[in-house]
Engineer: 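Before I ask anything, let me first share the structure, which is written out below as structure tokens.
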Number of protein chains: 2
Amino acid sequence: MTEVIEPAIETVTIDVVLSALADPVRLTLVRALDTAGDWTCGSDILKEAGVTIGKSTVSHHIKVLRDAGLIRTRVDGIRRLVTLRYDDLEQRFPGLLAMLREHTAARATAAAPTSSA
Amino acid sequence: MTEVIEPAIETVTIDVVLSALADPVRLTLVRALDTAGDWTCGSDILKEAGVTIGKSTVSHHIKVLRDAGLIRTRVDGIRRLVTLRYDDLEQRFPGLLAMLREHTAARATAAAPTSSA
DNA sequence: CGAACGGTACGACCAAAGTCGAACTTTCCG
DNA sequence: CGGAAAGTTCGACTTTGGTCGTACCGTTCG
């Protein structure tokens with residue numbers, strides 16, 4: 001076998017995609033994948049992005065993203081290559097990846113007004 | 001006063017928007033608002049959508065959506081009118097609302113993963 | 001004025017989700 | 001064959017955040 005099970009793109013709902021993207025670690029990972037292309041858990045694009053978590057946690061997030069239809073995992077000998085499902089995502093949710101790309105690392109969250117009066 | 005404080009659209013990050021949309025109740029509410037236009041908490045578009053929650057919970061979700069920059073609340077006498085920030089959202093996240101609209105109520109979550117083996 | 005209505009604020013509760021460490025699996029290689 | 005490398009699985013812990021009830025505030029109207 002050379003592929004890990006993933007959902008058919010037609011069965012992917014935006015509800016699940018939004019939930020998957022709602023976690024900061026996963027969002028960081030998706031953005032990094034978009035930039036880096038193929039990736040293995042061992043590589044430290046996450047650490048470079050300031051995220052330091054255990055490998056079982058990484059594995060968990062990978063699974064969530066895969067189940068949500070966002071990424072694909074191919075088995076390559078001793079390791080697994082992870083990639084974004086560009087074409088599938090563009091077909092089903094056109095513009096979504098571009099949106100994430102454009103609004104990357106918008107760390108301007110500081111400004112938060114709120115409260116009524 | 002006729003407006004409740006809301007964040008300027010330039011300060012709204014997609015991270016926060018995604019988190020706000022990741023909850024099923026809020027997603028239902030946003031979709032209903034998109035269809036219904038102006039709305040007050042008293043009106044039962046939520047119940048019609050099959051969501052029955054207490055009014056303090058509704059208030060909480062409204063606040064989350066407002067803080068995330070998705071909706072606007074105007075004070076009209078004894079009640080508050082809630083609307084989507086169509087223009088602001090279209091300016092900052094073009095296509096986002098259309099995407100939610102198009103993938104409304106995709107209740108096909110049952111679906112099976114494509115198996116390989 | 002005072003009661004009723006529409007909604008918010010606060011605190012407590014509980015379920016869902018993120019995190020970790022350790023054990024296990026598979027593959028590669030000496 | 002045995003050991004190391006790369007990930008996954010499992011169970012337990014902790015944090016997050018959705019929910020509720022109640023108290024509270026501002027507005028309208030009798």
Side-chain angles (χ1 to χ4, degrees), chain A residues 1-6 15-30 33 38-47 50-68 71-83 109 113-117, chain B residues 1-6 15-30 33 38-47 50-68 71-83 109 113 116-117:
Chain A
M1 68 171 164
T2 50
E3 292 247 348
V4 175
I5 293 178
E6 69 192 19
D15 304 51
V16 173
V17 168
L18 290 172
S19 294
L21 293 176
D23 179 83
V25 172
R26 289 196 291 270
L27 198 49
T28 301
L29 184 49
V30 167
L33 281 174
D38 266 6
W39 173 80
T40 76
C41 300
S43 142
D44 30 43
I45 64 179
L46 272 177
K47 292 187 180 77
V51 178
T52 51
I53 52 180
K55 67 174 182 172
S56 60
T57 304
V58 173
S59 191
H60 164 70
H61 285 305
I62 292 292
K63 179 169 168 46
V64 172
L65 288 172
R66 187 174 53 234
D67 290 351
I71 65 178
R72 167 172 297 132
T73 302
R74 283 170 305 134
V75 176
D76 171 44
I78 201 178
R79 65 176 63 99
R80 280 120 192 271
L81 283 325
V82 176
T83 46
T109 317
T114 300
S115 88
S116 44
Chain B
M1 64 172 162
T2 50
E3 293 247 348
V4 176
I5 293 179
E6 69 192 19
D15 304 52
V16 173
V17 168
L18 289 172
S19 294
L21 293 177
D23 178 82
V25 172
R26 288 195 291 269
L27 199 50
T28 299
L29 185 49
V30 167
L33 280 174
D38 267 6
W39 172 79
T40 74
C41 300
S43 143
D44 30 43
I45 63 178
L46 272 178
K47 291 187 180 77
V51 177
T52 50
I53 53 180
K55 68 175 185 173
S56 60
T57 304
V58 172
S59 190
H60 164 68
H61 285 305
I62 292 291
K63 178 169 167 49
V64 171
L65 287 172
R66 186 175 53 233
D67 290 351
I71 64 178
R72 167 171 298 131
T73 301
R74 282 171 304 133
V75 176
D76 170 43
I78 200 178
R79 64 176 64 98
R80 278 123 192 270
L81 283 327
V82 176
T83 47
T109 319
S116 62

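In what follows, chains are A, B, ... by sequence order, proteins preceding strands, each numbered from 1. In this text, all values refer to a predicted model and were calculated from it rather than measured experimentally.
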Engineer: Tell me: CZ of A:Arg74 to P of D:dA6, nearest whole Å?
Structural biologist: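 After rounding, the reported distance stands at 18 Å.
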Engineer: Picking from D:dC10, C:dG7, D:dG21, which would you name as closest to the side chain of A:Ser56?
Structural biologist: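 Given the options D:dC10, C:dG7, D:dG21, the side chain of A:Ser56 is closest to D:dC10.
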Engineer: Which pair of non-hydrogen atoms, one from A:Ala22 and one from B:Ser19, has the smallest distance, and what is that distance?
Structural biologist: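 Looking at all heavy atoms of both residues, the shortest contact is O-OG, 3.3 Å.
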Engineer: Could you tell me whether the phosphate oxygens of C:dT26, OP1 or OP2, come under 4.0 Å of any side-chain nitrogen or oxygen in A:Arg80?
Structural biologist: no
Engineer: Let me have the donor-acceptor pairs involving side chains of residues 55-66 of chain A, under 3.5 Å, with sequence neighbours excluded, atom names and distances please.
Structural biologist:
from    : atom 1 : to      : atom 2 : distance (Å)
A:His61 : ND1    : A:Arg26 : NH1    : 3.1
A:Lys63 : NZ     : A:Asp67 : OD2    : 3.1
A:Arg66 : NH1    : A:Thr73 : OG1    : 3.0

Engineer: Starting from C1' on D:dT9, measure out to NZ on A:Lys63 and report it in whole angstrom.
Structural biologist: 10 Å
Engineer: Do any N or O atoms of the protein come closer than 3.5 Å to N or O atoms of nucleotides 15-18 of chain C, and which pairs are they?
Structural biologist:
from   : atom 1 : to      : atom 2 : distance (Å)
C:dG18 : OP1    : A:Arg26 : NH1    : 3.0
C:dG18 : OP1    : A:Arg26 : NH2    : 2.7
C:dG18 : OP2    : A:His60 : NE2    : 3.3

Engineer: Please list, for nucleotides 28-30 of chain C, all pairs of protein and nucleotide N/O atoms separated by less than 3.5 Å.
Structural biologist:
none

Engineer: How many whole angstroms separate atom CG of B:Leu65 from atom C1' of D:dG17?
Structural biologist: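 So the CG-C1' distance, B:Leu65 to D:dG17, works out to 14 Å.
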Engineer: Can you tell me how far P of D:dC20 sits from CD1 of B:Ile53, to the nearest Å?
Structural biologist: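 Checked: the CD1 to P distance equals 7 Å.
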Engineer: According to side chain to side chain contact (heavy atoms under 4.5 Å, CB included), who are the partners of A:Ile78, at least two apart in sequence or on a separate chain?
Structural biologist: none
Engineer: Just how far, in rounded Å, is C1' of D:dG7 from CG of A:Leu46?
Structural biologist: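 Atom CG in A:Leu46 sits about 15 Å away from atom C1' in D:dG7.
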